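Written out below as structure tokens is the structure these notes cover.
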Amino acid sequence: MSEAMDRIVIAGAGQAGFQAAASLREAGFSGSLILVGDEAALPYQRPPLSKAYLAGKTDARGLLLRQESFFAEHRIDHRAGTRVTALDRGARQVRLSDGGGLGYDHLILATGTRNRTLPVPGADLAGVRQLRSLDDADALRAAIEGIRRIVVVGAGFIGLEFAAVCAARGLSVTVIEAAERVMARAVSPETSQAFRAFHEEAGVAFLFGAGVTAIEGEGGRVVAIRTADGQSLPADLVVVGIGVVPNQELAEEAGLAVRDGIEVDAFLATSDPAISAIGDCVRFPTRFAAGLPGGDRVRIESVQNAVDQGRCLAARLTGRPAAYDAVPWFWSDQGPRKLQIAGLAAPDDASVLRRAGAGFSVFRFRDGRLSAVESVDRAADHMAARRLLAAGRTLTPEQAADPGFDLKALATA
């Protein structure tokens with residue numbers, strides 16, 4: 001660690017930004033540490049918002065990554081309700097939304113992502129909502145009280161998690177998806193088919209291959225949603241979940257390289273040695289992306305990636321540099337079903353189904369090697385897959401399909 005590194009500023013107080021701050025202190029950084037976040041709340045977990053929080057199984061305090069005392073005890077200056085609006089690389093200063101500014105010896109960009117908006121007439125009507133922040137979740141918890149008909153636009157993780165919560169309450173839920181299957185960008189056709197069946201059994205209706213052309217309202221409030229084929233679906237509430245875009249403008253305006261994310265090297269450094277970037281906003285090189293359409297660089301939206309990158313960067317800034325090489329993994333709880341994914345699959349990777357009990361796993365193969373494993377209610381398969389991918393080991397499709405083959409033994413050999 002450089003002797004001159006007395007102040008580190010972190011732009012973004014989500015999972016990645018918080019983890020970088022906590023890990024820097026854990027690794028022995030003793031200088032000034034400022035965590036700038038645009039939400040009023042303390043840093044919190046986002047994944048439960050669409051599941052346990054909406055279902056009333058946890059409260060806002062239960063979402064917090066740490067209680068307020070942690071920040072004082074670890075001398076982390078958390079600037080809540082503030083964001084970095086510009087940066088001056090030459091002067092090593094950032095400008096804040098409250099009109100103030102901060103100098104830095106090192107700047108960490110952990111700016112995250114924002115939800116894509118639905119570019120159709122009526123998208124600004126009352127009753128058309130999205131889900132990303134705690135405020136969004138609070139608004140949705142209030143909105144689903146006393147209504148009956150809900151339309152979800154987008155059959156990705158967030159849309160399906162929200163649909164499962166609403167269906168469990170006995171509400172009428174229709175999911176509109178432009179693709180031909182659920183979670184099409186994230187999972188195999190086999191897993192898509194299974195989750196469609198799970199949701200349909202719970203009462204969720206689907207409309208695939210459908211584009212939304214307008215949201216209709218009366219008195220300024222949504223009453224229906226219109227699709228490209230002319231259907232008009234009645235709706236008391238519309239929830240839009242059509243993906244996210246990285247918050248890369250700050251980096252781009254400062255002259256840093258961006259391409260669907262802030263470009264960093266294997267050590268999470270930008271082209272400016274005084275600036276690093278981590279989390280959902282970052283495009284980085286990884287061996288797990290080899291053979292994917294975008295080459296060996298990828299942008300990943302996951303808690304695992306945010307946490308591991310925060311730790312990796314903290315180690316580098318405190319004198320223990322190592323290339324980022326964590327296995328990507330994800331999860332989604334949809335009703336009683338738990339989906340866990342290890343690795344990164346390409347759309348045309350081969351699939352091998354392995355059933356065991358009530359659950360199953362789909363093993364994906366690219367160029368004859370294991371690329372990813374999708375497990376449903378099979379936690380042991382998921383853990384074995386993470387170990388196999390980390391070690392660079394593979395197995396044959398025949399072994400993957402055989403429920404008697406000992407994955408754990410292979411993974412720990």
Side-chain angles (χ1 to χ4, degrees), residues 15-16 19-20 108-113 156-157 183-188 243-248 251-252 255-273 275-316 320-331 340-352 362-374 382 385-395 397 400 411:
Q15 188 87 53
Q19 187 64 55
I108 300 172
L109 299 176
T111 49
T113 59
F157 290 163
M183 302 181 288
R185 291 176 56 246
V187 302
S188 64
V244 299
V245 292
N247 293 322
Q248 63 186 28
E252 186 173 18
L256 299 174
V258 300
R259 182 170 64 92
D260 183 37
I262 304 168
E263 295 270 13
V264 297
D265 64 15
F267 294 85
L268 308 173
T270 71
S271 55
D272 185 329
I275 303 175
S276 300
I278 56 175
D280 293 7
C281 66
V282 165
R283 178 171 291 276
F284 63 96
T286 173
R287 62 186 168 105
F288 301 104
L292 292 180
D296 68 347
R297 303 181 71 85
V298 70
R299 186 174 63 80
I300 294 177
E301 302 149 15
S302 78
V303 169
Q304 166 273 319
N305 187 63
V307 169
D308 286 342
Q309 287 191 345
R311 290 172 175 160
C312 181
L313 178 57
R316 172 165 68 83
R320 295 177 292 112
Y324 181 68
D325 191 43
V327 176
W329 55 270
F330 316 81
W331 82 92
Q340 294 171 291
I341 305 170
L344 299 172
D348 56 354
D349 283 359
S351 298
V352 175
V362 178
F363 290 71
R364 311 296 301 279
F365 290 87
R366 183 162 63 248
D367 298 327
R369 293 191 62 82
L370 185 68
S371 59
V373 179
E374 305 157 8
H382 175 69
R386 284 164 55 179
R387 293 190 185 99
L388 288 170
L389 290 166
R393 295 195 183 102
T394 192
L395 69 168

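Keep in mind that what you see is a predicted model, and the values were worked out from it rather than measured.
With contacts defined as side-chain heavy-atom distances shorter than 4.5 Å, the pair H382/W331 does not qualify. The side-chain heavy atoms of D308 and Y324, taken from C-beta on, include a pair separated by under 4.5 Å. In this structure, the side chains of R366 and L292 come closer than 4.5 Å at one or more pairs of heavy atoms. Side chains of F157 and M183 form a contact here, defined as non-hydrogen atoms less than 4.5 Å apart. A 4.5 Å side-chain heavy-atom check between F284 and V298 finds at least one atom pair inside the cut-off. Under the 4.5 Å side-chain criterion, counting only non-hydrogen atoms from C-beta, C281 is not in contact with Q248.
At distances below 3.5 Å, not a single donor-acceptor pair connects side-chain atoms of Q15 with backbone N or O atoms of V303. For the pair R283 (side chain) and G261 (backbone), a donor-acceptor distance under 3.5 Å is absent. For the pair N247 (side chain) and T111 (backbone), a donor-acceptor distance under 3.5 Å is present. R316 places a side-chain N or O within donor-acceptor distance of the main-chain N or O of F267, the cut-off being under 3.5 Å.
The two residues P285 and R297 come nearest to each other via the heavy atoms CD-NH1, 3.6 Å. Nearest heavy-atom pair, T270 versus I275, reported as atom, atom and distance to 0.1 Å: OG1-O, 2.8 Å. Residues V362 and S188 share a closest heavy-atom pair of CG1-OG, 3.6 Å. Closest non-hydrogen pair, A346 versus R364, comes out as O-NH2, 3.3 Å. For the pair L389 and L370, the tightest heavy-atom approach, listed with the atom from each and the gap, is CD2-O, 3.7 Å. Here the closest heavy-atom approach between residue G310 and residue I278 is recorded as CA-CD1, 4.0 Å.
Considering OG of S371 and CG of L344, their distance stands at 8.5 Å, rounded to 0.5 Å. With rounding to the nearest 0.5 Å, the separation of CD in Q309 from CD in Q19 is 11.5 Å. Atom CG in D325 sits 6.0 Å away from atom OG1 in T286 (nearest 0.5 Å).
E301 meets the salt bridge (charged side-chain N to carboxylate O under 4.0 Å, His left out) test with R299; sequence neighbours excluded.
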* To do: Check step by step if side chain to side chain contact (heavy atoms under 4.5 Å, CB included) holds for L256 and L109.
  => CA-CA 11 Å; L256 299 174; L109 299 176; 4.2 Å; yes
